[in-house]
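In what follows, a single structure is set out as structure tokens and then discussed.
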Amino acid sequence: MLLNPRERVTYSNDSALRLLRLAGHDPASLRNFDVRQHLLSLAADPREARVELDEVWQHVEQEYSADLSLADAAANWLRVRSFPVRDAHGTFLGRGVLLEDVTLERSSADARSETLKMAAHEFKTPLAIIKGCATTLLGGSARWDPAMQREMLQMIDAQSDRLYDVLNTLLDVWRFDNGTQPLHLSQVQLAELLMQLVKRWQNQAPDHRFVLDIPDGIPSVTCDALRIEQVLNHLLNNAVTYSPAGKIVRLSLDANEEEVRICVSDEGVGIASEHLDRIFDRFYRIEHASKVHTRNGATGEPDQQAEQRGGSGLGLASARATIEAHHGRIWADSEGPGQGASFSFTLPLTARQTLAASASLATLEESAASPAQQRTLRTSSLKQGRYTRVLLAENDARLARYLRANLEEQQYRVHVVSHGVQFLRQLELEEPDIILLSTRLADMSGMELLQRMREFSNAPIMMLCEACEEEERVQLFDLGCDDLVLKPFGMNELLARVRALLRRRAPATEHTQNQTIFSTGDLTIDYAQHLVTVGGRPVQLSRTEYKLLSTLAQNVGMVVTHELLLEKVWGPEYNRDIDFIWVYISRLRRKVETNSRRPEYILTVPDVGYKLAKI
């Protein structure tokens with residue numbers, strides 16, 4: 001917005017009006033509009049906002065900014081930046097006000113702060129033990145016999161290893177979050193990898209029985225073998241730690257033409273339903289499960305080794321980050337405490353291959369357990385063919401599991417989230433074929449998410465509504481939802497509505513079959529593997545970045561206008577929102593260009609668009 005010296009609006013674009021919840025207002029009605037007073041009316045804490053805005057408004061001759069927390073608005077956090085506007089002769093003309101939605105930035109900062117706090121707490125215990133042992137030995141080593149000295153040195157050694165593992169795992173998670181963790185991709189035979197792992201774990205945990213179920217004809221997968229092995233080690237360690245001696249740990253592998261799925265299940269203490277959605281969060285540990293397994297089975301006394309095996313609460317977070325970096329998904333299932341648990345993840349295949357119908361069961365040790373003790377192997381629900389991808393955003397864990405079970409029974413591939421930040425992150429990784437979005441999530445409203453995602457995605461959306469009046473339902477349709485159902489709803493009706501939305505969805509454009517690999521200079525796009533490399537080095541791109549680069553590649557050497565790029569990547573209704581392109585082109589250049597400030601591949605054509613150079 002531009003304000004004259006009397007602080008009245010002389011110009012405002014549509015984005016500013018939308019952030020101020022003034023969309024649709026006649027510009028003429030804003031001539032006497034008080035921007036500062038309106039911001040105060042939107043603030044969650046007007047008193048605190050007044051202090052912040054006073055600072056901004058007092059510095060009229062220099063640039064100044066403040067972040068405001070808003071109540072009942074599309075943006076939870078709004079950055080207000082004021083700067084002076086002068087003509088060519090330096091005469092003061094008024095004030096410019098830049099409004100920016102920084103909700104995700106603030107959420108990310110809060111998450112980082114919480115992670116640092118938890119990391120500091122996690123480091124505190126081993127550091128205290130190391131310091132205590134070292135101080136004791138240095139203070140009077142002559143008083144301790146060799147056995148006691150050795151025990152203290154072993155404690156120092158063990159706690160140092162624990163610190164090293166926690167730090168490395170935490171760094172891995174952060175690198176994956178930031179997209180800076182490289183993946184060393186190769187063709188991997190998962191069946192062989194699983195056999196080697198199970199042999200190793202059978203030696204490490206002889207008190208448990210390991211069973212491996214692998215069908216014939218499993219194809220190779222393009223992945224980072226070391227990272228996938230780390231994921232499996234986390235899951236196997238979890239299964240061994242939280243299941244009693246003598247129980248079975250079962251691994252199963254199956255596949256369809258699109259992806260493979262690996263499942264690690266145990267017969268341990270299980271997981272209560274309220275923990276399933278948070279089990280992959282950093283530093284999250286289930287308190288009652290830790291207590292059960294930190295007691296010696298024979299004496300009932302605390303077991304120090306078991307307590308250490310409980311881990312840092314980072315293993316599953318690292319596993320999730322790794323699998324999502326491979327464009328797969330990971331989830332946990334349990335029928336409840338005492339009923340065991342299973343952890344499953346998928347990895348996409350690089351090419352379609354026909355699977356043999358027969359399957360064989362390989363066991364490393366014949367199970368002597370009675371039929372009542374044998375765990376029933378779940379049958380594969382994988383569909384032979386392409387999945388329809390469903391993104392389900394639902395805060396009610398029980399309803400989410402019920403919906404996922406019914407959708408997967410219909411051969412849909414379902415990804416479940418309960419938080420708005422998770423929802424937006426998943427959309428960044430992969431655009432689903434259909435979205436089921438609840439009006440209430442853990443951290444933000446479904447209406448806010450609907451408005452945000454319609455700025456860059458045209459995927460069909462069905463809203464799952466609590467009791468809402470006609471006015472709210474009309475608003476949801478106006479914001480861009482394609483259908484809605486009111487809770488409670490019948491499952492048959494919901495599935496029928498899903499099928500109807502999918503029938504109306506226009507078929508996605510595909511690359512011509514005779515072009516599977518595109519190259520310009522050192523930049524290569526392998527469409528079959530959905531893989532981008534620069535100089536032979538794999539580049540990790542988000543779904544939107546990949547789509548943007550592919551659109552430029554289809555028109556290599558030619559100028560693609562801003563409007564056409566927006567229409568191809570985000571949809572025809574967004575062909576005027578050039579801001580999206582600036583942000584994503586900048587991200588793309590940082591990943592594929594040697595010097596993003598002097599690009600060789602993605603060239604700017606001022607005021608027109610961009611083109612991918614033909615080298």
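Any value given below was found using the heavy atoms of this structure, including those in side chains, with hydrogens, waters and symmetry copies removed.
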Exercise for review: Output all residues satisfying side-chain hydrogen bond (donor to acceptor under 3.5 Å, both in side chains) with Asp483, sequence neighbours left out; order by chain, then residue number.
Suggested key: Arg497
Check your understanding: Can you check whether Thr524's main-chain N or O pairs, donor with acceptor, with Ser519's side chain at less than 3.5 Å?
Key -> no
Check your understanding: So, are Lys591 and Glu545 salt-bridged, with charged N and O less than 4.0 Å apart?
Key -> yes
Review point. So, does Thr520 use its side chain to make a donor-acceptor pair with the main chain of Leu523 at under 3.5 Å?
Key: no
Check your understanding: According to the salt bridge (Lys or Arg N to Asp or Glu O under 4.0 Å) rule, which pairs have a member within residues 522-532, sequence neighbours left out?
Key -> none
Check your understanding: CD1/Ile279 to CZ/Arg320 distance, rounded to the nearest 0.5 angstrom?
Key -> 11.0 Å
**Study point:** Smallest separation among heavy atoms of Tyr527 and Phe518, with atom names
**Key:** OH-CB, 3.8 Å
Point to revise | Arg413 with Glu259: basic N within carboxylate O range, under 4.0 Å | key: yes
Point to revise | Spacing of Arg81 atom CZ and Phe83 atom CZ [to the nearest 0.5 Å] | key: 9.0 Å
Check your understanding: Who are the side chain to side chain contact (heavy atoms under 4.5 Å, CB included) partners of Ala613, not counting sequence neighbours?
Key -> Leu603, Ile615
Check your understanding: Which distance, rounded to the nearest 0.5 Å, do you find between the CG of Asp433 and the CZ of Arg389?
Key -> 4.5 Å
Point to revise | side-chain contact (heavy atoms from CB on, under 4.5 Å) assessment of Thr10 paired with Leu3 | key: CA-CA 6 Å; Thr10 60; Leu3 311 182; over 6 Å; no
Check your understanding: Does Met453 reach the side chain of Ile461, with side-chain heavy atoms less than 4.5 Å apart?
Key -> yes
**Study point:** Contact check, side chains of Leu349 and Val260, non-hydrogen atoms, under 4.5 Å
**Key:** yes
Practice item. Please identify each residue that fulfils side chain to side chain contact (heavy atoms under 4.5 Å, CB included) with Ser12, with sequence neighbours left out. Key: Met1, Val9, Ala16, Leu17
Review point. Please walk me through it: do Leu78 and Leu39 pass side-chain contact (heavy atoms from CB on, under 4.5 Å)?
Key: CA-CA 10 Å; Leu78 192 65; Leu39 286 169; 3.9 Å; yes
Study note, to complete from the structure: Distance col, row Leu612:CG vs Leu549:CG, nearest 0.5 angstrom, shows 6.5 Å
**Study point:** CA sep, side-chain torsions, deciding dist, call: Leu501, Met462, side-chain contact (heavy atoms from CB on, under 4.5 Å)
**Key:** CA-CA 9 Å; Leu501 282 180; Met462 181 187 298; 3.9 Å; yes
Review point. Do Thr604 and Arg589 have side-chain N/O donor and acceptor atoms under 3.5 Å apart?
Key: yes
Exercise for review: Return yes if a side-chain donor-acceptor contact under 3.5 Å exists between Thr222 and Gln187, otherwise no.
Suggested key: yes
Study note, to complete from the structure: Those residues at least two apart in sequence (or on a different chain) that pass side chain to side chain contact (heavy atoms under 4.5 Å, CB included) with Gln196 are none
Check your understanding: Any side-chain heavy atom of Leu407 within less than 4.5 Å of one from Leu495?
Key -> yes
Check your understanding: Hey, what do you get for CD (Gln451) to CG (Asp101), rounding to the nearest 0.5 Å?
Key -> 9.5 Å
Check your understanding: Is the number of heavy atoms from other residues, nucleotides or ligands within 6.0 Å of CG (Asp14) greater than 12?
Key -> no
**Study point:** More than 12 heavy atoms of other groups within 6.0 Å of Arg537 CZ
**Key:** yes
Review point. Is there a donor-acceptor pair closer than 3.5 Å between any side-chain N or O of Ser550 and the backbone N or O of Tyr546?
Key: yes
Point to revise | Non-hydrogen side-chain atoms of Val80 and Asp67 separated by less than 4.5 Å | key: no
Exercise for review: Before giving the answer on side chain to side chain donor-acceptor pair (under 3.5 Å), spell out for Thr322 and Gln230 the whole-Å C-alpha distance, their side-chain angles and the decisive distance to 0.1 Å.
Suggested key: CA-CA 9 Å; Thr322 300; Gln230 287 176 346; 5.4 Å; no
Check your understanding: Within a strict 4.5 Å, meaning less than it, do heavy atoms of the Leu502 and Tyr412 side chains meet?
Key -> yes
Check your understanding: Looking only at heavy atoms, what is the nearest atom pair of Glu600 and Glu593, with distance?
Key -> N-OE1, 2.8 Å
Check your understanding: Is the backbone N or O of Pro348 less than 3.5 Å from a side-chain atom of Glu258, with the two atoms forming a donor-acceptor pair by type?
Key -> no
Exercise for review: Report yes if some heavy atom in the side chain of Arg598 is under 4.5 Å from a heavy atom in the side chain of Asn595; otherwise report no.
Suggested key: yes
Point to revise | Check: Leu197 and Leu251 side chains under 4.5 Å, non-hydrogen atoms | key: no
Exercise for review: Indicate yes or no for a side-chain donor-acceptor contact from Thr91 to the backbone of Asp87 under 3.5 Å, with no hydrogens or angles considered.
Suggested key: no
Exercise for review: Could you please spell out the steps behind the side chain to side chain donor-acceptor pair (under 3.5 Å) verdict for Ser82 and Arg95?
Suggested key: CA-CA 7 Å; Ser82 170; Arg95 178 201 305 270; 2.7 Å; yes
Review point. Does a donor on one side chain and an acceptor on the other come within less than 3.5 Å for Arg261 and Thr346?
Key: no
Check your understanding: How about Phe343 and His234: are their ring centres within less than 6.0 Å of each other?
Key -> no
Study note, to complete from the structure: So CG of Leu552 and CG of Leu565: to nearest 0.5 Å the spacing works out to 5.0 Å
Check your understanding: Which pair of heavy atoms, one from Ile435 and one from Ala459, lies closest together, and at what distance?
Key -> CD1-CB, 4.1 Å
**Study point:** For Leu437, the option from Leu464, Val417, Leu449 that meets side chain to side chain contact (heavy atoms under 4.5 Å, CB included)
**Key:** Leu449
Practice item. Mind listing the closest non-hydrogen atom pair of Leu99 and Leu19 along with its distance? Key: O-CD1, 3.6 Å
Exercise for review: Evaluate the side-chain contact (heavy atoms from CB on, under 4.5 Å) criterion for residues Leu226 and Ile228: first the C-alpha distance (whole Å), next the side-chain angles of each, then the deciding distance (0.1 Å), finally the verdict.
Suggested key: CA-CA 6 Å; Leu226 178 60; Ile228 296 304; over 6 Å; no
Review point. Would you say Thr561's side chain and Leu564's backbone share a donor-acceptor pair under 3.5 angstrom?
Key: yes
Exercise for review: Test Tyr610 against every option in Asn555, Leu588, Val560, Ile585 by the side chain to side chain contact (heavy atoms under 4.5 Å, CB included) rule and name the one that passes.
Suggested key: Ile585
**Study point:** For His419, all residues meeting side-chain hydrogen bond (donor to acceptor under 3.5 Å, both in side chains), sequence neighbours excluded
**Key:** none
Practice item. Might you point out which heavy atoms bring Gly96 and Leu2 nearest each other, and give the distance in Å? Key: CA-CD2, 3.9 Å
Check your understanding: With no hydrogens and no angle check, is any side-chain donor or acceptor of His326 less than 3.5 Å from a backbone partner on Asp224?
Key -> yes
**Study point:** Any Tyr601 side-chain heavy atom under 4.5 Å of Val556 side chain
**Key:** no
